[in-house]
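Contents: one structure, followed by commentary.
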Amino acid sequence: MDTAPTLKIAPNNAAFHTLAADIFMGALNRAAAKNGPIRVVLPTGSTPLGLYRELIAHHAHRRDLWDRFHYVALDDYAGLAPDDRRLFSNWLARDILTPLSIPPTHRTIFNSAAPDPSAECARMDAQLDSNGIDIAVLGLGTNGHIGFNEPGSAFDARTRLIHLSADSLAANAAYWGGMDHVPPTAYTLGLGHIMRARETILLVQGPHKAEILHRMLHDPISTALPATALRQMYNVTIVADQAAMSAAEPSPQT
Ligand code: F6R
């Protein structure tokens, strides 16, 4: 079986978000064919914001799907109080979960303030081992990270506490108005969990992602570039805009 990711290319910014929403809704409908909760990993960051707006504006009426939707955290900062607005769980609550009326009981999130990070990782591992992931929506870091699986992360890694790399600290500074506001440590699901997702959608947008997308698709598969792990997975769709694809593929499949 071929594990090559499927590439879907949008010509511009607006088309990127509608294409991402269509592909996401397709995955959600497929996942709904099984019984029970539909467990979905969602990223924060700037790339998925248009997708979330699109889902709220045009797909909120699909209560048959949203009532079964269960958000599973991909990553989050460590050591913050539950009401800290920087928590990714709170960011996603504001931008998608609350607008789509996903109740707190349908959210598997990190307890950022957990006194024992190892126990917190073990709790998430147990959740993921029992329930798995139906759909993983992911973003691509400019250093090739997936979640906070920074370069060097093992492909079978489990949930763990990490120190943000310099690249990730700088990227996150843009969200919170400077480096001083970025927590230095974070929890992340390991690639070992993410790679077992039944379907994966990687969102890549903008010219600043062109080089890393090209490397992700063409460099040797290696822990030095965590996103290359997606080339060993089945059912991966990469949704990119033309700007991100410019360096990646000579003749993209649309
Ligand atoms: C965020 C996350 C990160 C981002 C990635 C891309 O929860 O896990 O891996 O998806 O850094 O971020 P943006 O979209 O801001 O370029």
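As the structure lists them, so they are numbered: ligands from 1, and atoms in each ligand from 1. As the structure is a computational prediction, the values presented were derived from the model and not from experiment. Along the sequence shown, residues carry numbers from 1.
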Mutual orientation of the aromatic rings belonging to Y77 and W176 [parallel < 30°, tilted 30-60°, perpendicular > 60°]: perpendicular
Counterpart residues, salt bridge (Lys or Arg N to Asp or Glu O under 4.0 Å), relative to D84 (two or more places apart): R86
Any side-chain heavy-atom pair of F88 and L74 under 4.5 Å: no
Look at [X] together with [Y] and state whether they make a salt bridge at an N to O cut-off of under 4.0 Å.
{"X": "R39", "Y": "D134", "result": "no"}
{"X": "D219", "Y": "R231", "result": "no"}
{"X": "R196", "Y": "D129", "result": "yes"}

Near ligand 1, at a heavy-atom separation below 4.0 Å: residues by chain and residue number: P43, T44, G45, S46, T47, L74, D75, F88, G139, L140, G141, H145, G147, Y175, K209
